[in-house]
S.K.: 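One structure, pasted below without further comment.
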Amino acid sequence: MLQKPRGTRDFLPDEMESRREVESTMRKVSATWGYREICTPEFEELDLFTVRSGEGIIQEMYVFEDKGGRKLALRPELTAPVLRMYVNEGKTLPKPLRWYYFADCFRYERPQKGRYRQFWQFGVELIGADTPFAEAEVIMLAHEILSSCDISFTLHVGHLSFMRILLKELDPADQKRARMFLDKRDTAGLEEYLSSRDQSSLSERLISLAGCRNLEEVFSITGDFPERGRIEELFTILDQSGIHYTLNPGIARGLDYYTGMVFEAFAENLGAENQVLGGGTYRLAHLFGGEDTPSCGFAIGFDRIMVARGEKPAEVGKSVGVACTGEGRSWALHVARKFREAGIRTLFDLTGKSIGQQLSGISRFAVYAVIIGSREQETRTVTLKDLHSGVQKTLSLQDALSEVCGDDTR
RNA sequence: GCCAGGGUGGGGUAGUUGGUUAUCCUAGGGGACUGUGGAUCCCCCGACCCGGGUUCGAGUCUCGGCCCUGGCCCCA
């Protein structure tokens with residue numbers, strides 16, 4: 001028997017419905033903030049991703065050559081494609097651009113809990129606004145989306161300037177190593193590394209920086225620097241917004257293109273892969289041939305959200321099943337059509353068996369049965385049975401429709 | 001790429017030291033049953049992940065691969 005490729009999943013209707021429910025919540029929230037959906041190709045030129053992230057990621061991607069010999073890759077993420085799209089066709093649109101996407105991505109990695117080779121991301125990019133308000137808006141939107149997903153999470157907000165100030169004397173390779181240690185909260189590793197570089201005093205300052213939970217402490221370590229005012233303004237807005245977050249100067253993020261604010265969110269129930277969101281302020285457009293454009297955004301690991309939510313059956317809508325005898329068939333078809341026109345999920349019996357057996361089938365998926373035989377056909381009525389209470393009555397079609405439609409508890 | 005633990009009908013499972021026709025539950029299909037439901041009874045369907053090796057004989061032992069679960073690495 002053929003298997004599905006490693007790290008991919010099939011989704012049955014129950015799971016698909018609950019995924020769509022969450023997805024639709026994310027879309028709705030984003031829409032209320034004025035963000036509009038975009039879509040980019042499933043695959044792109046390989047260079048788009050290597051320009052941004054380096055050659056090293058080739059082994060983590062699905063890379064292939066098409067019949068014309070072009071080197072292509074299934075997208076491993078969406079920020080680069082979105083910014084490529086912006087450079088290609090968004091430059092003349094009025095700024096700022098508020099875009100969101102919901103799309104699948106592919107990474108050739110070892111699957112584990114919450115990590116698959118095909119996975120879905122919901123993300124937002126705010127392009128062309130370079131203010132504390134822009135950064136705050138993106139964080140607040142992220143917070144609202146996560147809150148609407150019915151999971152418990154913690155939101156950490158940081159800024160790369162703090163670390164940069166302390167690290168500016170080191171050469172770039174050492175800076176990068178030091179950031180990685182901090183990002184992983186590996187203080188022992190950091191101390192060891194920096195003392196091998198004769199920078200022991202630095203590691204102490206870095207570690208206390210990473211432990212800071214308010215700005216005064218941070219600035220007492222870093223001293224004053226030009227961006228201070230802007231950073232203070234950003235956090236003032238966050239405080240005024242009332243969202244719950246933690247200041248975390250230890251966030252470094254993996255990549256070099258982040259320029260300032262960075263933030264991450266973590267959920268429970270997730271094991272080793274518990275980060276559900278990551279984002280920040282960055283500059284990428286110039287890498288793809290555009291003007292240097294300030295942007296910020298975030299991406300949500302949709303599948304991890306679903307894991308963190310746990311088993312939650314999706315809402316079942318109202319539904320009726322139509323059972324009929326041979327004599328009642330033509331009237332039953334008409335009745336079914338009317339129910340569907342009223343927006344009710346309506347399943348017609350396909351077995352042609354006895355009424356009892358039809359009801360037996362219907363009761364497995366519907367809360368109402370509509371029974372049509374020769375009596376109903378002659379009098380143009382329907383027999384509506386509530387399968388929960390067992391109560392049934394014979395009504396006009398119109399009354400049956402309003403009974404089903406009007407009863408919101410079903 | 002690395003480590004640990006796994007893989008028996010669709011799902012969940014039993015299977016002793018290697019020994020007859022691989023156990024049970026559930027789901028699914030059919031029937032009893034063409035004007036009143038989820039019940040019951042009967043019947044059916046359906047599995048040892050793949051390949052090599054050891055053996056008279058392998059679900060069981062062994063090697064390799066694939067896949068799953070979790071962890072490491074990485075995390076754009």
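Residue numbers begin at 1 in each chain, while the letters A, B, ... track the order of the sequences. Note that the structure is predicted; figures quoted are calculated from it, not measured.
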S.K.: Once salt bridge (Lys or Arg N to Asp or Glu O under 4.0 Å) is applied, do any residues pair with E264(A), and if so which ones, sequence neighbours excluded?
M.R.: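 If we apply the salt bridge (Lys or Arg N to Asp or Glu O under 4.0 Å) test to E264(A), skipping adjacent residues, the hits are R253(A).
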S.K.: By side-chain hydrogen bond (donor to acceptor under 3.5 Å, both in side chains), which residues pair with T187(A), not counting sequence neighbours?
M.R.: none
S.K.: Between R6(A) and C68(B), is there a contact of a side-chain N or O with OP1 or OP2 at under 4.0 Å?
M.R.: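 Checking R6(A) against C68(B): at least one side-chain N or O falls below 4.0 Å of OP1 or OP2.
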S.K.: Please list, chain by chain and in numerical order, all residues satisfying salt bridge (Lys or Arg N to Asp or Glu O under 4.0 Å) with R337(A), sequence neighbours excluded.
M.R.: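 For R337(A), the residues satisfying salt bridge (Lys or Arg N to Asp or Glu O under 4.0 Å) (neighbours in sequence not counted) are E341(A).
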S.K.: With sequence neighbours left out, what residues match Y116(A) under side-chain hydrogen bond (donor to acceptor under 3.5 Å, both in side chains)?
M.R.: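 If we apply the side-chain hydrogen bond (donor to acceptor under 3.5 Å, both in side chains) test to Y116(A), skipping adjacent residues, there are no hits.
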S.K.: With a 4.0 Å cut-off on heavy atoms, is I362(A) in touch with a base, just the backbone sugar-phosphate, or nothing at all?
M.R.: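 Since no nucleic acid heavy atom lies under 4.0 Å of I362(A), the category is nothing.
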S.K.: Pull out every residue in residues 72-84 of chain A that has a heavy atom closer than 4.0 Å to any atom of RNA chain B, ordered by number, or say none.
M.R.: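 Result for residues 72-84 of chain A: P76(A), E77(A), sorted by number.
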S.K.: Please give me every residue in residues 351-360 of chain A whose heavy atoms get under 4.0 Å of an atom in RNA chain B, ordered by residue number.
M.R.: K353(A), S354(A), I355(A), G356(A), Q357(A), L359(A), S360(A)
S.K.: What is the nucleic acid contact for G390(A), judged by heavy atoms within less than 4.0 Å: base, sugar-phosphate only, or nothing?
M.R.: base
S.K.: What residues, two or more places apart in sequence or in another chain, satisfy salt bridge (Lys or Arg N to Asp or Glu O under 4.0 Å) together with D292(A)?
M.R.: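 Salt bridge (Lys or Arg N to Asp or Glu O under 4.0 Å) check on D292(A) returns R283(A).
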S.K.: Please tabulate, for the side chains in residues 133-144 of chain A, all donor-acceptor contacts under 3.5 angstrom to protein atoms that are two or more places apart in sequence or on a different chain.
M.R.:
{"residue": "E135(A)", "atom": "OE2", "partner": "R230(A)", "partner atom": "NH2", "Å": "3.2"}
{"residue": "E135(A)", "atom": "OE2", "partner": "T281(A)", "partner atom": "OG1", "Å": "2.8"}
{"residue": "E137(A)", "atom": "OE1", "partner": "R98(A)", "partner atom": "NH2", "Å": "3.4"}
{"residue": "E137(A)", "atom": "OE2", "partner": "Y35(A)", "partner atom": "OH", "Å": "2.7"}
{"residue": "E137(A)", "atom": "OE2", "partner": "R98(A)", "partner atom": "NE", "Å": "2.7"}
{"residue": "E137(A)", "atom": "OE2", "partner": "R98(A)", "partner atom": "NH2", "Å": "3.4"}
{"residue": "E144(A)", "atom": "OE1", "partner": "W33(A)", "partner atom": "NE1", "Å": "3.0"}

S.K.: Pairs of donor and acceptor atoms involving the side chains of residues 150-158 of chain A, under 3.5 Å and at least two apart or interchain, shall be tabulated with distances.
M.R.:
{"residue": "D150(A)", "atom": "OD2", "partner": "K312(A)", "partner atom": "NZ", "Å": "3.0"}
{"residue": "S152(A)", "atom": "OG", "partner": "E268(A)", "partner atom": "OE1", "Å": "3.1"}
{"residue": "H156(A)", "atom": "ND1", "partner": "N248(A)", "partner atom": "ND2", "Å": "3.0"}

S.K.: Just checking Q275(A): base, sugar-phosphate only, or nothing, at a heavy-atom cut-off of under 4.0 Å?
M.R.: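 Touches nothing.
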S.K.: Run the salt bridge (Lys or Arg N to Asp or Glu O under 4.0 Å) test against R75(A) and tell me which residues pass, sequence neighbours left out.
M.R.: E42(A), D104(A)
S.K.: Quick one: list whatever passes side-chain contact (heavy atoms from CB on, under 4.5 Å) with I57(A), sequence neighbours left out.
M.R.: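 Only F49(A), S53(A), M61(A) meet the side-chain contact (heavy atoms from CB on, under 4.5 Å) criterion with I57(A).
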S.K.: Where along residues 106-117 of chain A does a heavy atom come under 4.0 Å from RNA chain B, residue by residue in number order?
M.R.: R107(A), E109(A), R110(A), Q112(A), K113(A), R115(A)
S.K.: Over 60° means perpendicular and under 30° means parallel, so classify the ring planes of F122(A) and Y100(A), tilted if in between.
M.R.: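 Parallel, since the angle between the ring planes stays under 30°.
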S.K.: Whether K184(A) contacts C74(B) is assessed here as follows: a side-chain N or O lying under 4.0 Å from the phosphate OP1 or OP2. Is that the case?
M.R.: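 Yes, K184(A) has a side-chain N/O under 4.0 Å of OP1/OP2 on C74(B).
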